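Note that the structure is predicted; figures quoted are calculated from it, not measured.
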Amino acid sequence: VTGVQTCALPISAQFIVIYTIIIYGDLKMTNEFIAQFNDAGKSSYETFQQFNVINVETMQKLAALQFSLTNLNAECTVAQAKLLTSGTAPQELFAAESALANAYGEKLMQITSETTDLLTQSRDQIVTFAEKTFAEANTVNTAEVKQPRKTATKKAAKKTAKKTVKKAA
């Protein structure tokens, strides 16, 4: 592997370069392979970044809804404590507790509905994102399959010709 400077590459990339040169014997093909490997890495990183944005936004909104739920629980506890210390008659206390439970239940259902809507929206974003990503990956892979490598074909033809010449001799 003379003339190849692999010092600037990570160990794994150096191994890939050396292995590819040994197998294919072509530095140009090795450089193409490394370029494709780098492009795939960049594409994966960008994909994970976009996926992370969806997850972070969802988590922030969920945290806000949980905070609203905690506030609602605190408000309900304070209202219930005021009712119990008001010194009203038992019938009035039960009626006030029932009204408080109804109001609390409505607010709780609203927060639960918002949470469900948020999770559904997040799921839909992830599904749309995944479908788009897979469609783009299939388009790229299909284009690569349709364009065979000229270098690999030439090398295979040369190896076959050499073997034929050696067998004939």
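- Within the 4.5 Å cutoff, side-chain heavy atoms of R123 are placed close to those of T120.
- Judged by distance alone, the side chain of T112 and the main-chain N or O of L108 form a donor-acceptor pair under 3.5 Å.
- Looking at every heavy atom in both residues, L65 comes nearest to I111 through O-CG2, 4.0 Å.
- Interatomic distance, Q50 CD to K132 NZ, rounded to the nearest 0.5 Å: 5.5 Å.
- Both L119 and M59 are members of a single hydrophobic cluster when ILVMFWY side chains are connected at heavy-atom separations under 4.5 Å.
- Looking only at distances, a side-chain donor or acceptor of S86 sits under 3.5 Å from a matching main-chain atom of L83.
- With rounding to the nearest 0.5 angstrom, the CG atom of N73 is 11.5 Å from the NZ atom of K107.
- Looking at T47 and F51, their side chains never come closer than 4.5 Å, going by heavy atoms from C-beta outward.
- Side-chain contact, Q110 with E106: no donor N or O sits under 3.5 Å from an acceptor N or O.
- The main-chain N or O of F129 is found under 3.5 Å from a side-chain atom of T133 such that the two form a donor-acceptor pair.
- In terms of heavy-atom proximity, T58 sits nearest to L118 at O-CD2, 3.9 Å.
- Between F48 atom CZ and N55 atom CG the span is 11.0 Å, to the nearest 0.5 Å.
- I54 CD1 to Q49 CD: the interatomic distance, rounded to the nearest 0.5 Å, is 12.5 Å.
- The two residues L100 and C76 come nearest to each other via the heavy atoms CD2-O, 4.0 Å.
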